Amino acid sequence: MQIGLLIESLDLLDDVAGWGYEYAEIVPSLLGPDADDAAAEAAARARVLASRVPVKTMCGFLPDPERLGLTVVGPRV
């Protein structure tokens, strides 16, 4: 079994390993702004890939899922 920690800032990624956790869990908004911004998404991806611990999961609400076509539950899925 592995133990991870939910973080709300990519600035905490390196701390997660130092605190003894085996992976990080992040909120979806850390992957980039709620718009098409390739530079922000690339920067977030680079930080995640460079982390000393893997980011294995995400936890949190998807921002405006119907407008973005990201609906994951309900009668229209």
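In this text, all values refer to a predicted model and were calculated from it rather than measured experimentally. Below, all heavy atoms of this structure are taken into account, side chains as well, without hydrogens, waters or symmetry copies.
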Under 3.5 Å, which donor-acceptor pairs link side chains of residues 11-25 to any protein atom two or more places apart or in another chain?
from	atom 1	to	atom 2	distance (Å)
Asp11	OD1	Arg47	NH1	3.3
Asp11	OD1	Arg47	NH2	2.6
Glu22	OE1	Ile3	N	2.7

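- Residues Leu31 and Met58 are in side-chain contact: their nearest non-hydrogen atoms beyond the backbone lie under 4.5 Å apart.
- Scanning all heavy atoms of the two residues, the minimum distance from Cys59 to Pro28 falls at O-CD, 3.6 Å.
- Residues Leu6 and Val27 are in side-chain contact: their nearest non-hydrogen atoms beyond the backbone lie under 4.5 Å apart.
- Under the side-chain contact (heavy atoms from CB on, under 4.5 Å) criterion, Ala46 pairs with no residue at all, not counting sequence neighbours.
- Here Ser51 contributes atom OG and Leu10 contributes atom CG; the two are 9.0 Å apart, rounded to the nearest 0.5 Å.
- The two residues Glu8 and Leu30 make their nearest non-hydrogen contact at O-CD2, 3.5 Å.
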